[in-house]
Amino acid sequence: MMSEPRPPRAQDLIQKGLSRLFPEKEPAPPASPPAAREAAKRPVATLAAVAQHRIQFLDNAKRPLYQLPARGTTPLSRDEEQIALARCLEALHEAKAAGTLLGKPAQGAYLGRDPEDVMGQASAEDVKTFLAFVLANPRSFMQRPIRLSDAFLAWLVDRGEP
C-alpha cells in the first residue's frame with residue numbers, strides 16, 4: 001500500500017511549529033573594514049579620557065589644568081573640556097621660548113620645524129594628537145603631575161606625530 005501524503009494543512013502547521021522552535025537568524029551585519037575597526041579601538045583623544053587614567057597635567061605655574069574625577073563620576077563636561085583645552089593651548093603658547101633650547105624634531109609631521117614655532121602656533125588638533133600619544137602610552141604619565149608644556153615639548157622633539 002502506498003502511504004497517502006499528508007494534507008497541505010498539516011505540512012503548514014509543522015512548518016509553523018518548527019519556525020517557532022528554530023527561528024531564522026537575522027543576517028550578520030557586514031564586516032567593517034580593518035581601518036574602521038582600528039579607529040574604533042583607539043581611545044578618543046580628549047582631556048576627559050586622559051583624566052580617567054588619573055593623569056594630571058599642569059600649567060606653567062604648576063596649577064592643574066583640570067580636576068581629576070572622583071571615583072565613579074564623569075571627569076569633565078563638554079564645557080569643562082573646552083576650557084581645559086584653551087588653558088592647554090595657553091600653556092603651550094606661553095612656553096614657546098623653551099623650544100629654543102632643543103633641536104628640531106627628527107621625525108614625524110613636525111620634521112624640520114623649530115619647536116618654538118610649533119608650540120607658539122599650536123592648535124587644538126596638535127594637543128589632541130599629543131593626547132592620543134598619551135592615551136597610547138599612559139604609564140609614562142601616571143607617576144606624578146607633569147607640566148603639559150614640558151611633556152609636549154619632549155614628545156615633539158623625541159617622537160613627533162607618527
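These numbers were taken from a predicted model, which means no experiment stands behind them. Counting begins at 1 with the first residue of the sequence.
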With rounding to the nearest 0.5 Å, note down the distance linking [atom1] in [X] to [atom2] in [Y].
X     : Y      : atom1 : atom2 : answer
Leu47 : Gln56  : CG    : CD    : 10.0 Å
Leu92 : Phe130 : CG    : CZ    : 8.5 Å
Asp59 : Glu94  : CG    : CD    : 7.0 Å
Glu81 : Cys88  : CD    : SG    : 8.5 Å

Count I, L, V, M, F, W, Y as connected when their side-chain heavy atoms are under 4.5 Å apart, and connections chain through other members. Are [X] and [Y] then in the same cluster?
X      : Y      : answer
Phe57  : Leu89  : yes
Ile83  : Val127 : no
Phe141 : Leu58  : no

Between [X] (side chain) and [Y] (backbone), is there a donor-acceptor pair under 3.5 Å?
X      : Y      : value
Asp117 : Asp114 : no
His53  : Met142 : no
Asn60  : Ala91  : yes
Gln121 : Val118 : no

Check your understanding: Going by the angle between their ring planes, with limits at 30° and 60°, are Phe133 and Trp155 parallel, tilted or perpendicular?
Key ->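 Because their plane-to-plane angle lies in the 30° to 60° range, the rings of Phe133 and Trp155 count as tilted.
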Check your understanding: How would you list, by chain and number, every residue that makes a side-chain hydrogen bond (donor to acceptor under 3.5 Å, both in side chains) with Arg144, sequence neighbours excluded?
Key -> none
